[in-house]
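Quick notes on the structure that follows.
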Protein chains: 2
Amino acid sequence: MDSIAPLRDIRRSRHGEVMARRSRDRPADGANTRISARNRKTILDAAIRVFTEKGYDGASIAEIAALSGLPKANVYYYFGSKQAIYRTLIADVLSEWDKALTLLREERDPAEALADYIRAKLDFTRRHAAESRMFANEAVHGGRFMSRGDRAHIRAATLSRVKVLEAWMEAGKMDRVEPIHLFIMLWASTQYYADFDILARSGLGSGRITAADYDRAAETITRIILKGCGLAG
Amino acid sequence: MDSIAPLRDIRRSRHGEVMARRSRDRPADGANTRISARNRKTILDAAIRVFTEKGYDGASIAEIAALSGLPKANVYYYFGSKQAIYRTLIADVLSEWDKALTLLREERDPAEALADYIRAKLDFTRRHAAESRMFANEAVHGGRFMSRGDRAHIRAATLSRVKVLEAWMEAGKMDRVEPIHLFIMLWASTQYYADFDILARSGLGSGRITAADYDRAAETITRIILKGCGLAG
DNA sequence: GAAAAAGTTGACGCTTCGGTCAACTTTCGG
DNA sequence: CCGAAAGTTGACCGAAGCGTCAACTTTTTC
C-alpha cells in the first residue's frame, strides 16, 4: 500500500528509455493469431516509414502509432519497446544483405556473375529504398543496435564471397585486385542512389531518381567495373 | 504583472524546439572577442563529436555542453539554438565538398587528375571522418537542414566538373561513360570507409581502418576506375 | 456457453528535452 | 578607475519522449 516503488533490473538511457526488460504479461510469445500477425505487420510497415524518415532517435512511438492507426499502448502490447521494433526491422534488412551475394558463385562466369550482382543490388536498392536508408542510417551511427551475431553474419557472408573472387583471380579469369575494396566499391556505388538520394539527385538534376536513371547507373557501373577488372569483352 | 505569456512569431517542432527566432540580447553579432572565438570553437568541437555519434535528433545540447565543459546556458549564449550549431557545422563541411573537385581541371591529364582526386577525397575522408559522417547522416535524412543555397552550390559544383569529364571524352582522352554516374561511383567509394566504418571494418577484419587500408583502397579504386574508363597505361 | 487467453485503450508517471531568464561577474575602452 | 559591454550561470518552464497500468472488450478454446 503505497510503500516503495518496485525496483527491477533495468537500465535506462536518455528519455528513460528501457534498455533491457522482462515482459510482464507475456505478449509476443506463442502469439500467432491472425490479429497478432496483422497488427504486427501494420506496426512494422508504419515503423519503417517513420524510422527511415526520422532515424531512430528522431522517430517517436506516438508517430508510429498514429501512422498505423493504433493507440500507442497497443503498439507496446505487440512490441515491448522502441528498440524491439527497430531491431526487428534491422534484422529483416540484414537477411536481404547476403541474398544478392549468393549470385556470386565460383562456378559462374565472373563477368556475368558480377553484372548480375550489380543489377540485383541496384534493383533491391530501388525497390526497397526505405529499408536501404534505414540500414544506412544504422550503419552511419556505428551499428548501435546490431547484435554481435548480426556483425558476425555480415562478416561471414563477406568473407565467403571474398574467397570466390580470389578463386577467380587465382584461375586467371580476372585481374588481381583487393577483393574487399572491390566489394566496397560495389556496395557503395549501388547503395548511394537510395541512401544519399538528395546528393544523387543534385547531380542527376531530376526531381526523382527514375527507373531509367537506375538503368543508366547499372550500365555505367557494370561497364567500368568489368573493364576495370579485366573482364571486358 | 503575471498577465499573459508573450506571444512571439515562432514555430515549434517536437520538443518545443524553436525553428525560427529573433535574438533578444544580440549575441553572435559583431562579437569577435578572443573569448568569443575560443568558446565558439570549443563548442563546435564538442558539437561535432556529439552530432557525429548521435545524429541531429539524438544529440542533446546538455551533452554538448558537458563535453565542452561549459554550462548549457553558456552554449545558448553563443549559439541561439541547436539548429544554429548544426548548420554552422554543415556549412563548414560543405565548403570542403568542392575543394577536392578543383583538382579536376580540363587542361590536366585525365588519369593524373582522377588519381589525385581519389587520393584527395580519401585523405579528407580519413582525416575528417567525423565531419564526413555527420554530413552523411544529414544526407541520409534528406538534407533537412541544408538550405536551398547549399543545394544549389552542390549542384553547380557538380555540373561544372561534369563538363570537364565531357570535354575529356569529347577529345577522345577517355571512354565515354555517363559522367554523373562515374562521379557517384567516386563519391560513394571514397566516403564509404568513413561513413560506413563498421561495414567496411567487417570486411577488412581490422579493429580500426588503418592508413595502410586507405592506401590499399586508393590503389584499388584508382586502378579499377582508370582502367575502367580506358585510362590505363 | 463459460472460462481463459488475447487484444484494446485512456490516463498517467517520470525523465529529458530545447530553450529562457534574471542576477551576477569579468573584461575592456577611454 | 568607471561605466558599458560581454560573458557566466543556476534555476526554471512547458512540451514531448518512452514506457506502464488497470480496467475493459473481443476472440479463442474446450
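Throughout, protein chains are lettered first and strands after them, A, B, ... in sequence-line order, and every chain is numbered starting at 1.
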Open item on the list: Would you say A:Tyr78 places a side-chain N or O within less than 4.0 Å of OP1 or OP2 belonging to C:dT8?
Closed with: yes

- [ ] Counting heavy atoms from C-beta on, name the nucleotide in D:dC18, C:dG18, D:dT27 closest to the side chain of A:Ile35.
- [x] D:dT27

Task: A:Asp197 with A:Arg201: basic N within carboxylate O range, under 4.0 Å - done: yes

- [ ] Figure out the CZ/P separation between A:Phe79 and D:dT20, and round it to whole Å.
- [x] 16 Å

Open item on the list: Of the listed nucleotides (D:dG10, C:dG19, D:dC18), which one gets closest to any side-chain atom of A:Tyr76?
Closed with: D:dC18

- [ ] Respond yes when some side-chain nitrogen or oxygen of A:Asn39 is under 4.0 Å from OP1 or OP2 of C:dT8, and no when none is.
- [x] yes

Task: Between P of C:dT16 and CG of B:Asp57, the distance in whole Å - done: 18 Å

TODO: May I ask you to verify if any side-chain N or O of A:Tyr77 is less than 4.0 angstrom from the OP1 or OP2 atom of C:dT8?
DONE: no

Open item on the list: Using whole Å, what does the distance between atom C1' of nucleotide D:dG19 and atom CD1 of A:Ile64 come to?
Closed with: 14 Å

- [ ] In whole angstrom, give the distance that lies between atom CG of A:Asn74 and atom C1' of D:dT25.
- [x] 12 Å

- [ ] Round to a whole Å and report the spacing from CD1 of A:Ile85 to C1' of D:dC18.
- [x] 11 Å

TODO: Figure out the CD1/C1' separation between B:Ile43 and C:dG18, and round it to whole Å.
DONE: 15 Å

- [ ] Can you tell me the distance, in whole Å, between the NZ atom of A:Lys72 and the C1' atom of C:dA11?
- [x] 10 Å

Task: B:Phe79 six-ring face occupied by B:Arg40 cation (under 6.0 Å, within 45°) - done: yes

- [ ] Can you check whether any acceptor in the base of D:dG19 is under 3.5 Å from a donor in the side chain of A:Lys82, or vice versa?
- [x] no

Open item on the list: Looking at A:Arg38, I'd like to know if its CZ atom is crowded, meaning that more than 12 non-hydrogen atoms belonging to other residues, nucleotides or ligands lie closer than 6.0 Å.
Closed with: yes

- [ ] Could you check which of D:dT9, D:dG7, D:dT20 has an atom nearest any side-chain atom of B:Ser36?
- [x] D:dG7

Task: Short side-chain N/O contact to C:dC17 OP1/OP2 from B:Ser60, under 4.0 Å - done: yes

Open item on the list: Can you identify which nucleotide, out of C:dG18, D:dC18, D:dT9, has its nearest atom closest to the B:Ala73 side chain?
Closed with: D:dT9

- [ ] Would you please confirm or rule out a distance under 4.0 Å between OP1 or OP2 of D:dC18 and any side-chain N or O of A:Ser81?
- [x] no

Open item on the list: Salt bridge check, A:Asp116 against A:Arg119: does any charged N sit closer than 4.0 Å to a carboxylate O?
Closed with: no

Task: Residues B:Asp213, B:Arg126: salt bridge by 4.0 Å N-O rule - done: no

Task: Spacing between B:Leu70 atom CG and D:dG7 atom P, to the nearest angstrom - done: 12 Å

